[in-house]
Amino acid sequence: MQTPNNPIIQINSLVKTFKGTLHALAGVDLTIQKGEVVSIIGPSGSGKSTLLRCMNLMEVPTSGVVIFEGEELSIKSKRINQLREKMGMVFQSFNLFPHLSVKDNITLSPKLIKHLSDEDANLLAQKLLQQVGLSEKIDAYPNQLSGGQKQRVAIARALAMNPDVMLFDEPTSALDPEMVGEVLQVMRDLAKQGMTMVIVTHEMSFAKEVSDRVVFMAEGQIVEINSPELMFTKPKEERTKQFLKRVNII
Amino acid sequence: MTLLLAFLAVAMGSVLALIPALMRLSPYKALRVPATFYVEIIRGTPMLVQVLLIYQLLNIPLLLIGGIDMGSFVPGLVALLINSSAYISEIIRGGILAVDKGQGEAARSLGLSESQTMRHIILPQAIKQIFPALGNEFVTIIKETSIFMYLGIAELMYQIGILKASSPAVTELYITAGILYLILTYPLSKLMNFIERRLRHADAK
């Protein structure tokens, strides 16, 4: 558990309130170190997706601070677009652009923002598709892909901006069970390459396998942060135990 | 004449309509309020009143260019343009709102700015969604050009009016006019259907 102190994301007393609801996040502090894989687990409605979405300000916090690579994020600053480039995001519902081919999905932002030439963009798309095992789908459209393939393209697309951290928001929750494995494999490879990853997931065995730390959330708060071994065998908190019992881990 | 008017009104109106549509979707009240005001006024008043008003305001003397009397063509076009831009802006706004929220989020997460997201991700998808409604508006406008007989634009109903003076078969004349309008609009509906199918073929979700 001894991690070098090289924070990439720091979250301080984060609060998020949605109209008419209780606190989605009720004061959360969390630091993600460079190179580490952190999984966030917890019952639905516990605020884990909201926390993840606050990390690149997809969700604007009601109060509190998010610091990315030493810089405080602000939705009002023009810098937010440049900072978001460095934080790849993968969504539960893929969100591929249906009117663009797989290649164009991947190369759109490198071309628009980094002004990559067509040639370089093609090479980049080929390289990334090879990495997620979908080289032959470069000219396909999203509606011609299975769910698992869509999500792998979405990961390739997020990697195209060469991010320093990847944020995964329940990446396998919308998939048929037989397609979960192929997506997890891509994520596993990514973790092995040293990518900093924050993963909101219901895949407990995967969280246990790839994570350096596991965060358990309930009711908008972090209840427990632990190593995967201890979290899934000897959790400290009663609420963690109850949750893990319900999902049949302990 | 009718077709030219309707075509210009829808084509230019669609471009113009983007302005109030985007203004109404803006987070800033200062932009939203005037656009809403504009749309509500145009939609809430009769086309005939708008046409007559603009005809009065744009008092252009008789001037023939390419056999068309600009004195009635220009105000007619302006009136149709204003009218159709308000209606089309609502269609566009609906189309933009119908694009899945995740599309915008995915684009923003890749570092695209708000305007890049609108141009490259939201609008291309919205246009596909609004195509049927846009075709509808085109057909409506073709029919609305009948209003221009009051301005004396040489146009179907007006010519029927001239014929009426010399013929006793009034009912037949109106039916003939109706059929002529249908001949104009029906192939258009078919064409729109065809383009719609092609677009849908290119990518279904």
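Throughout, a chain's letter reflects where its sequence line sits, starting with A, and its residues are numbered from 1. Treat the numbers as computed from the prediction; the structure is a model and nothing was measured.
- Only the side chain of Arg53(A) has a heavy atom closer than 4.5 Å to any heavy atom of chain B.
- Of all residues spanning residues 102-124 of chain A, those with a heavy atom less than 4.5 Å away from chain B's heavy atoms are Leu108(A), Ser109(A), Leu112(A), Ile113(A), arranged by number.
- Using non-hydrogen atoms only and a strict 4.5 Å limit, no part of residues 83-93 of chain B faces chain A.
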One pair to check against side-chain contact (heavy atoms from CB on, under 4.5 Å): Arg108(B) and Asn56(A). What are the steps and the verdict?
CA-CA 10 Å; Arg108(B) 299 306 302 275; Asn56(A) 64 352; over 6 Å; no
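- Using non-hydrogen atoms only and a strict 4.5 Å limit, the part of residues 64-97 of chain A facing chain B consists of Asn81(A), Arg84(A), Glu85(A), Met87(A), Met89(A), Phe91(A), Asn95(A), Leu96(A), Phe97(A).
- Scanning residues 109-118 of chain B against chain A with a 4.5 Å heavy-atom cutoff picks out Ser109(B), Leu110(B), Gly111(B), Leu112(B), Ser113(B), Gln116(B), ordered by number.
- Put simply, the side chain of His99(A) gets close to the backbone of His120(B): a donor and an acceptor are under 3.5 Å apart.
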